[in-house]
Each structure stands twice: as C-alpha cells, then as structure tokens.
S.K.: 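Attaching a single structure in structure tokens format; questions to follow.
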Amino acid sequence: MKEFYSRWYDKDPVLSMSMRTLANSDDATQIQVALNLIKVIIEHNIKSN
C-alpha cells in the first residue's frame, strides 16, 4: 500500500510533531523560531537547490 503524505514534513514523525507544535505556538514564538532559522541559514551559508 502506498503511503500518502499531504505535507513534505509528514514523512518524518519528529519533524511533523515539531511543525504541529510550532503551528500551535504564539506569534512571538513563531517569529523567534523563524529568526533563529534565518540566522543558522546565513551563518552556515546554506543554499537552496
């Protein structure tokens, strides 16, 4: 049986739970997480495919 995932991150249970937690967080927490992710991307010079 083929598994169906509606979102790309649903394939990983830890990432899926993290995204649910983030979605249920207040705006200030979501903003802080976004800023931290941007900082990590810039510091590590991560490029998109």
Side-chain angles (χ1 to χ4, degrees):
M1 179 201 268
K2 182 178 180 183
E3 294 184 42
F4 176 76
Y5 299 103
S6 59
R7 299 165 298 214
W8 63 269
Y9 52 82
D10 286 335
K11 294 178 183 177
D12 183 308
V14 174
L15 183 55
S16 183
M17 182 174 41
S18 300
M19 294 301 287
R20 279 194 309 274
T21 301
L22 183 59
N24 292 323
S25 298
D26 59 89
D27 289 347
T29 300
Q30 290 181 7
I31 291 168
Q32 190 60 51
V33 169
L35 291 173
N36 287 339
L37 286 171
I38 291 167
K39 182 179 176 184
V40 168
I41 290 167
I42 291 171
E43 286 177 354
H44 294 278
N45 198 27
I46 299 172
K47 306 220 185 281
S48 64
N49 292 340

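Side-chain atoms are counted along with the backbone in the values below, which use heavy atoms only and exclude waters and symmetry mates.
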S.K.: Residues two or more places apart in sequence or in another chain: which of them pass side-chain hydrogen bond (donor to acceptor under 3.5 Å, both in side chains) with Asn24?
M.R.: none

S.K.: Quick one: list whatever passes side-chain hydrogen bond (donor to acceptor under 3.5 Å, both in side chains) with Gln30, sequence neighbours left out.
M.R.: none

S.K.: With a 3.5 Å cut-off and sequence neighbours excluded, list the donor-acceptor pairs that the side chains of residues 15-23 form with protein atoms.
M.R.:
unit_1, atom_1, unit_2, atom_2, d
Ser16, OG, Asp10, OD1, 3.1
Ser16, OG, Arg20, NH1, 3.1
Ser18, OG, Val14, O, 2.9
Thr21, OG1, Met17, O, 2.9

S.K.: I need the Asp26 CG to Gln32 CD distance, nearest 0.5 Å.
M.R.: 11.0 Å

S.K.: Rounded to the nearest 0.5 Å, what's the gap from CD on Glu43 to CD1 on Ile41? Could you check?
M.R.: 11.0 Å

